[in-house]
Structures are given as structure tokens and as C-alpha cells.
Protein chains: 2
Amino acid sequence: MRYFVAVAEELHFGRAATRLHMSQPPLSRAVKQLEAEIGALLFARSPTGVTLTPVGTVLLDEARALLDHADRVQVRVSAAAGAATITIGILGDGADPGLSRLAAAYRRSRPSIDIRIRDTDLSDPTCGLRAGLVDVALTRAPFDETGLTVRTLRTDPVGVVLRVDDPLARRDGLRLAELSDRRWFQFPQGTDPVWQSYWNGGRPREGPVVRAVQECLQAVLWNGTMGLAPLGHDLPAELAMVPLIDMPPSRVVAAWNKGDANPLIRSFIETATTAYRH
Amino acid sequence: MRYFVAVAEELHFGRAATRLHMSQPPLSRAVKQLEAEIGALLFARSPTGVTLTPVGTVLLDEARALLDHADRVQVRVSAAAGAATITIGILGDGADPGLSRLAAAYRRSRPSIDIRIRDTDLSDPTCGLRAGLVDVALTRAPFDETGLTVRTLRTDPVGVVLRVDDPLARRDGLRLAELSDRRWFQFPQGTDPVWQSYWNGGRPREGPVVRAVQECLQAVLWNGTMGLAPLGHDLPAELAMVPLIDMPPSRVVAAWNKGDANPLIRSFIETATTAYRH
DNA sequence: GGCGCCGATACCAGGTGGGTATCGTTGCAG
DNA sequence: CTGCAACGATACCCACCTGGTATCGGCGCC
């Protein structure tokens with residue numbers, strides 16, 4: 001029914017699928033199944049566009065009311081069940097401007113929910129998701145996603161952080177190969193290999209071990225090291241950022257354990273998705 | 001939600017499962033999942049019995065209203081979609097007294113539905129279900145059930161039909177082995193093998209080919225043959241029925257294609273189940 | 001007349017929802 | 001007090017369904 005309403009409101013299967021965070025074929029199939037159950041076409045498909053049939057119009061009204069009713073039931077029962085808690089994990093890099101907007105939006109939409117924030121170091125990009133320390137991780141891909149569901153909130157190009165007096169600092173674009181002789185910083189032992197490899201530009205490197213964004217900057221300033229970071233990061237005056245041309249962009253994502261039954265997760269993810277869309 | 005309401009009304013997982021036509025373990029699991037989603041226990045389980053928690057009481061009210069709403073939506077949309085048709089297949093043996101009661105009950109509950117009856121011969125116990133000739137088959141098990149969903153409506157002991165002047169006709173119980181030297185009637189080539197084997201008492205036999213109940217009786221009367229039939233069948237005065245002790249009973253069943261989207265099927269099956277319960 | 005948009009189709013994989021078999025607890029009866 | 005019956009929970013398995021990717025077909029539009 002939610003699928004049907006989405007298509008009826010967009011009058012376009014592709015856009016509706018995007019809105020529902022799924023792909024178009026299963027959506028087409030789902031609508032077709034609903035039509036089979038009802039025994040009547042709900043949409044008139046023409047290559048020029050999709051229109052509601054009379055039956056579809058009736059169902060749209062009914063479906064909206066019913067879904068509304070279902071949402072109200074959920075709210076009332078949740079209220080009866082008492083205050084609930086959701087724990088959000090964020091990477092040490094808590095400076096992301098989307099975050100504060102998100103927290104505010106979620107508190108507004110679900111005032112009774114107790115939000116807990118768990119700030120973790122860079123060695124675990126999942127912020128302790130697998131250990132059950134958090135319900136949702138707001139973090140950066142890539143990392144090992146087995147057992148997790150991941151939704152991308154934003155993508156950022158990645159650059160290299162250098163001292164302003166570095167010969168490369170005045171370039172307006174660099175390739176990974178031009179940095180091969182540099183020291184890179186390392187994450188601690190046991191760090192997610194996908195994550196480690198990404199921030200190392202694809203190969204193991206030599207360099208100091210770091211656990212937090214601050215340590216990374218320190219390493220660049222004092223240790224003759226160099227570091228990768230998403231563009232847009234605030235930097236002290238002594239450091240500069242040069243975009244990397246051949247580095248896949250970094251994605252800000254929300255992740256949660258696949259099949260987690262906590263109903264707050266779904267609503268939080270919805271809020272997060274819209275908050276990051278501005 | 002329907003599961004929850006059933007358990008809440010029965011206050012007993014086993015009985016609720018029976019009412020829902022499923023077994024108890026998946027029901028327990030489903031309720032537990034719902035509890036996990038809500039984040040609160042809905043039932044207080046004690047070995048002496050099951051009681052609703054306060055949250056459960058709230059949900060029971062809400063759920064009833066919501067399910068009610070959903071049913072109303074279905075009715076309204078079905079009405080908007082216009083008159084629908086359901087085709088019922090019955091075996092030539094249309095004399096079953098449950099049938100007329102069932103037809104009347106269904107016409108009463110869904111007056112706008114167009115019911116079509118398709119009377120088929122004994123060679124296809126599924127009445128053309130797989131070929132899509134009917135939506136539901138009211139027939140007798142056993143037969144090959146792959147791809148079909150089957151619900152038992154009643155079970156009948158099986159007896160052997162003999163001429164009254166047959167030496168065995170005065171016995172009040174027989175074993176299959178005592179009939180091994182008789183001619184049995186056969187169904188046409190291509191008949192479902194499970195079905196054929198059942199009515200042959202488990203082995204291939206010699207005898208005339210029949211396609212309808214009338215032909216079976218004719219065969220017994222004139223051909224020195226013998227036939228199996230569920231007890232309770234009306235017989236002409238020249239024929240007698242003797243119960244078979246070691247024959248598994250015959251089940252009157254409703255069958256439909258697994259996953260068939262026609263929404264009338266579900267309601268028809270419900271009606272059928274209650275109509276046969278008397 | 002070809003290209004592009006868009007919904008439909010074909011096919012594949014993993015999660016879910018059913019099933020059966022069995023267990024652990026508890027109340028009750030002998 | 002001990003054996004048993006009742007009942008919900010658990011373990012495990014299989015089939016279906018839902019969501020995914022790749023591709024097709026049909027119609028508008030340069």
C-alpha cells in the first residue's frame with residue numbers, strides 16, 4: 001500500500017522507487033501484484049505518463065487513511081510502551097554540520113525518544129555497531145558491510161592534507177601516484193581492512209598510528225606525514241588541502257545491523273536521509 | 001497483528017494457532033517479533049496461562065480497530081473494482097451434502113460475487129486447478145499436491161462397494177488383502193498417480209476404465225468389479241458398502257494454486273472451513 | 001530513422017515465514 | 001515425591017517472496 005501511494009503521488013515508477021529507496025522493477029511488480037489482488041488496474045500506463053484509474057483514485061484515498069491509521073497506532077502503542085532509547089554512534093570527526101541539524105530534526109519529530117550519542121575513534125568505522133554498542137552508526141564508507149545495512153547520505157570528494165610549506169600544497173589537483181613516497185598515518189591493529197586500505201590509497205604504508213582526527217592533523221604538522229580527508233574539513237592555518245583526482249569519493253553513511261527489530265531505527269534513518277538532503 | 005489479536009482473544013498459543021490454521025512455534029515467534037518491535041512484552045506468560053500486559057491491552061484495542069479499517073478498505077475497493085468471479089471445481093461426485101450448504105453460505109456472505117461451478121470427471125482430482133480452469137477445487141485427497149495449497153475439510157472412512165449378493169457383502173469389516181483377487185476399476189491414462197494408487201488400494205489392478213461415479217456403480221453392478229468409496233455415499237438397493245479396516249481415510253479438501261492472488265479464494269476457503277464444521 | 005526514456009520481463013540471491021521435532025518448566029496425580 | 005501431561009520456547013529446515021541487476025520493448029522526439 002505504501003508503494004502504491006508513492007507511485008500514485010509521483011505518477012512515475014522510477015521516481016517513486018527512488019523515494020522508497022528501492023529499484024524500479026520490484027516496485028512495478030509489487031504494484032502489479034496489488035492490482036491482481038484487487039482484480040482491477042490501478043494505473044493507466046502510457047509511454048507518455050502514468051495516470052490513476054477510477055479504482056486507483058478510490059484506493060488512494062482509502063490507502064492514505066489506512067496508512068495514517070497505522071502510523072497513529074504505532075505512535076500510541078509506542079507511547080504506552082514507555083520511553084525508548086536510540087544510541088547513535090559517530091566517528092571522532094563529530095564536526096560534520098549535517099549532524100546537529102539531524103539531531104535537532106529527530107528530537108523535534110520524536111520528542112519522547114531518548115537519544116544517546118557515542119563518539120568513537122577512527123579505528124572502528126562502524127562505531128561498535130556489531131558489538132551492539134550503538135543502534136545506528138553515522139560514519140563514512142567504505143568498510144566491511146557484511147551483516148549491516150548501509151544507506152548513503154552524502155558523498156564528498158577526498159583530498160590530501162599537507163603543510164602549507166609543502167611543495168605540493170599549491171597544486172590544485174593531485175594523483176595518488178604522486179604521493180607514493182610519503183609517510184601515511186596508520187590505524188591501530190585490528191582496524192577494518194577495507195577502511196584502512198581506502199584511507200591508505202589502496203596499499204599498506206609506513207607511518208605513525210592515529211586514533212582521532214586531531215591526531216591525524218598533529219601527525220601532518222609534526223611528523224612529515226601526509227593524510228587524506230574529505231574536502232570541506234576545517235583546517236588550521238598551517239595546513240592545506242589539495243583535491244585528489246583519482247581517489248573514489250568518500251560517502252557519509254548511516255549503518256545499522258541487518259534485521260535489527262528496534263523500530264526507532266527506521267524513523268531515525270528517514271529523518272537522517274531528509275536532513276542530509278538539506 | 002492478526003496473529004496477536006488471535007492470541008489475545010484465545011489467551012492460549014496453541015488454540016490461537018489452530019484458529020489461524022498454522023502451528024504453534026511460528027506463532028510464538030511472530031508474537032515475539034512484534035514484542036521486539038514495540039519494545040515491550042505484550043503477554044505475561046505463566047505456565048498456568050497467558051495474560052495481556054497493559055501494553056498488550058492498548059494494542060488489542062488499536063489492532064482491532066486497524067484490522068477493521070483494513071477490512072473495510074478491502075470491501076470498498078473491491079466494490080469499486082466491480083463484480084468479481086470465482087470458479088469452483090467439484091468432482092463428478094457432486095452429491096456431497098456439505099456442498100449445497102457451502103454454496104448458500106458463500107452467496108449469503110458475498111452476494112455480489114459471481115460463483116461458477118465446474119463439474120469434472122474422476123480422472124483429475126484437482127478439477128483443472130493447474131490448468132487455471134478453476135480457482136478452487138473442492139475434491140478428495142490424496143493427489144499430487146506440488147504447487148497447490150490444500151486444506152482438509154472433513155475425513156471419511158473408506159469402504160468397498162459390492163453387490164448385495166456378494167459373499168463378502170454381509171461382513172461388517174474387511175481388509176485390503178481379502179480383496180486382492182478382485183477386479184478394480186481404473187482411471188484413464190494420465191490420471192494423477194497418487195490418486196490412482198490410493199483408490200486402487202496401493203497396487204496396479206485390472207479392470208474397466210471409469211470417469212464418473214455413475215460409471216463406477218455400473219461397473220460394480222454389471223462387470224463383476226468392486227470399488228472403493230467413502231462411507232456415507234448413497235447407493236442403489238442392489239449395492240452394499242463394507243468398511244475397510246486398513247485403508248487410510250479419505251479427506252474432503254479444498255485446494256488452490258499456491259500463491260494465487262485472487263482475494264476471493266481466501267474468503268471462500270474461510271467459508272468452506274466453517275460450513276464443513278457444521 | 002535512430003536514440004533515449006520508461007515501464008516490463010527474466011533471472012538470481014538472501015531473508016522471512018512457514019513446517020517438524022524436541023526441550024524445559026510447572027502443575028497435578030498417584 | 002515422582003512421573004506425567006500440558007504448554008510455550010528453541011533448534012533446525014525448506015520453500016517462497018522480496019529486492020537486486022541486466023535487459024527488453026514500445027513509443028516519443030529530435
Side-chain angles (χ1 to χ4, degrees), chain A residues 1-4 6-37 41-53 56 145-152 256-263 265-266 269, chain B residues 1-4 6-37 41-53 56 144-152 255-263 265-266 269:
Chain A
M1 296 263 282
R2 297 209 188 265
Y3 293 178
F4 163 74
V7 178
E9 287 178 352
E10 297 285 346
L11 289 178
H12 187 290
F13 279 76
R15 278 197 300 276
T18 313
R19 188 169 124 185
L20 294 164
H21 301 290
M22 64 190 295
S23 54
Q24 170 258 322
L27 177 59
S28 286
R29 194 179 45 190
V31 170
K32 175 169 294 200
Q33 275 177 16
L34 184 60
E35 289 176 324
E37 271 185 39
L41 287 179
L42 297 169
F43 296 105
R45 283 99 157 155
S46 88
T48 157
V50 173
T51 9
L52 274 173
T53 62
E145 303 188 358
T146 53
L148 309 178
T149 311
V150 174
R151 171 158 315 162
T152 300
W256 63 99
N257 283 308
K258 203 168 274 181
D260 192 326
N262 186 339
I265 292 179
R266 162 172 286 274
I269 299 297
Chain B
M1 297 264 281
R2 296 211 188 263
Y3 293 179
F4 163 74
V7 177
E9 287 178 352
E10 298 285 345
L11 290 178
H12 187 291
F13 280 77
R15 278 197 300 276
T18 311
R19 188 169 124 185
L20 294 165
H21 301 291
M22 64 190 296
S23 55
Q24 169 258 322
L27 177 59
S28 285
R29 194 179 47 190
V31 170
K32 176 169 293 199
Q33 275 177 16
L34 183 60
E35 288 177 326
E37 271 184 40
L41 287 179
L42 296 169
F43 296 104
R45 283 102 157 152
S46 87
T48 158
V50 173
T51 13
L52 275 173
T53 62
D144 175 18
E145 302 188 359
T146 53
L148 308 179
T149 311
V150 174
R151 172 156 318 161
T152 300
W256 63 99
N257 283 307
K258 203 169 273 181
D260 192 325
N262 185 338
I265 292 179
R266 162 172 287 273
I269 298 297

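No hydrogens, no waters, no symmetry mates; every other heavy atom, side chains included, goes into these values. Keep in mind it's a predicted model, so treat the numbers as computed, not measured. Labels below follow one simple rule: chain letters A, B, ... track the order of the sequence lines, proteins then strands, and each chain is numbered from 1.
Residue-level contact check: B/Phe43 touches neither bases nor backbone, having no heavy atom under 4.0 Å from any strand.
Between the CG atom of B/Leu41 and the P atom of D/dA9 there is a distance of 10 Å, given to the nearest Å. One atom, CZ of B/Phe4, and another, C1' of C/dG17, lie 20 Å apart when rounded to the nearest Å. Rounded to whole Å, atom P of D/dC17 lies 16 Å from atom CE of A/Met22. B/Arg151 has its CZ atom 13 Å from the P atom of C/dG18, to the nearest Å. When the C1' atom of D/dG20 is taken as reference, atom CG of A/Leu20 falls 15 Å away, rounded to whole Å. Rounded to an integer number of Å, the gap from CG of B/Leu27 to C1' of C/dT16 is 16 Å.
Contacts of B/Thr51 classified as side-chain contact (heavy atoms from CB on, under 4.5 Å), with partners at least two apart in sequence or in another chain: B/Ala44. In terms of the side-chain hydrogen bond (donor to acceptor under 3.5 Å, both in side chains) criterion, B/Thr149 has no residue partners (sequence neighbours excluded). Under the ring-ring contact (aromatic ring centres under 6.0 Å, His included) criterion, A/Tyr3 pairs with no residue at all, not counting sequence neighbours. By the side-chain contact (heavy atoms from CB on, under 4.5 Å) test, A/Arg266 is found to be paired with no residue, residues two or more places apart in sequence or in another chain being considered.
Sorted by first and then second residue, the salt bridge (Lys or Arg N to Asp or Glu O under 4.0 Å) pairs with a member in residues 23-36 of chain B read B/Glu35-B/Arg45; sequence neighbours excluded.
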Practice task
Between protein and nucleotides 4-15 of chain C, map the contacts as a letter string: B base, S sugar-phosphate only, - none, heavy atoms under 4.0 Å, written 5' to 3'.
Solution key: --SBBB-B---S
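Along DNA chain D, the nucleotide nearest A/Tyr3 and the nucleotide nearest B/Gly147 are compared for position; the residue whose nucleotide lies closer to the 5' end is B/Gly147.
The closest side-chain heavy-atom distance from A/Phe43 to A/Thr53 is not below 4.5 Å.
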